Amino acid sequence: GAIAVTPTTFLLPPLLWLVLRRPRRWGLEWGVNVLLVAATGAVGVIGAVSAAWLIVAHAREYRVFSA
């Protein structure tokens, strides 16, 4: 879920706004949007890694594969 939802919902809108509106670089609007992209990108990566970790942990718990 984090791999598909994060880019389409949280990353694309500020990125597209930056591309279409072209605010002054290092200005307030530019900085806020870059911060949003960085923060939501980090949360998306953390979500994807934690989901993968939980899948492996549950598979081990239910002995789907042994390790």
Side-chain angles (χ1 to χ4, degrees):
I3 293 172
V5 171
T6 300
T8 57
T9 305
F10 299 112
L11 292 176
L12 280 179
L15 281 175
L16 290 175
W17 188 88
L18 285 170
V19 169
L20 294 175
R21 295 288 303 261
R22 296 184 192 258
R24 185 173 49 89
R25 186 168 279 215
W26 305 111
L28 179 63
E29 292 177 326
W30 183 87
V32 167
N33 280 286
V34 169
L35 180 67
L36 284 172
V37 169
T40 56
V43 169
V45 169
I46 292 169
V49 169
S50 66
W53 179 268
L54 285 173
I55 289 170
V56 171
H58 286 202
R60 291 176 109 189
E61 181 180 332
Y62 293 110
R63 299 180 201 274
V64 172
F65 57 89
S66 60

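All figures in this text were calculated on a predicted structure; none of them were measured in a lab. Position 1 is the first residue of the sequence; numbering continues from there.
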Inset, instruction - Could you work out the complete set of other residues in the hydrophobic cluster of Val49, with links drawn between I, L, V, M, F, W and Y side chains under 4.5 Å apart? - result: Val45
Inset, instruction - Among Ile, Leu, Val, Met, Phe, Trp and Tyr joined by side-chain contacts under 4.5 Å, find the other residues sharing a cluster with Leu54 and list them by chain and number. - result: none
Inset, instruction - Identify the two heavy atoms, one from Thr8 and one from Pro13, that lie closest to each other, and give their separation to 0.1 Å. - result: O-CD, 3.9 Å
Legend entry - Shortest non-hydrogen separation from Arg24 to Trp30 and the atoms involved: O-CB, 3.4 Å
Inset, instruction - Look at the side-chain heavy atoms of Ile, Leu, Val, Met, Phe, Trp and Tyr, link any pair under 4.5 Å apart, and say whether Leu18 and Leu28 land in one connected group. - result: no
Inset, instruction - Check side-chain contact (heavy atoms from CB on, under 4.5 Å) between Arg22 and all other residues, then give those that pass, not counting sequence neighbours. - result: none
Legend entry - Partner residues of Trp17 under the ring pair (Phe, Tyr, Trp, His ring centres under 6.0 Å) criterion, sequence neighbours left out: none
Legend entry - Counterpart residues, ring pair (Phe, Tyr, Trp, His ring centres under 6.0 Å), relative to Trp53 (two or more places apart): none
Legend entry - Fellow cluster residues of Val37, listed by chain then number, with links counted only when side-chain atoms sit under 4.5 Å apart: Leu11, Leu15
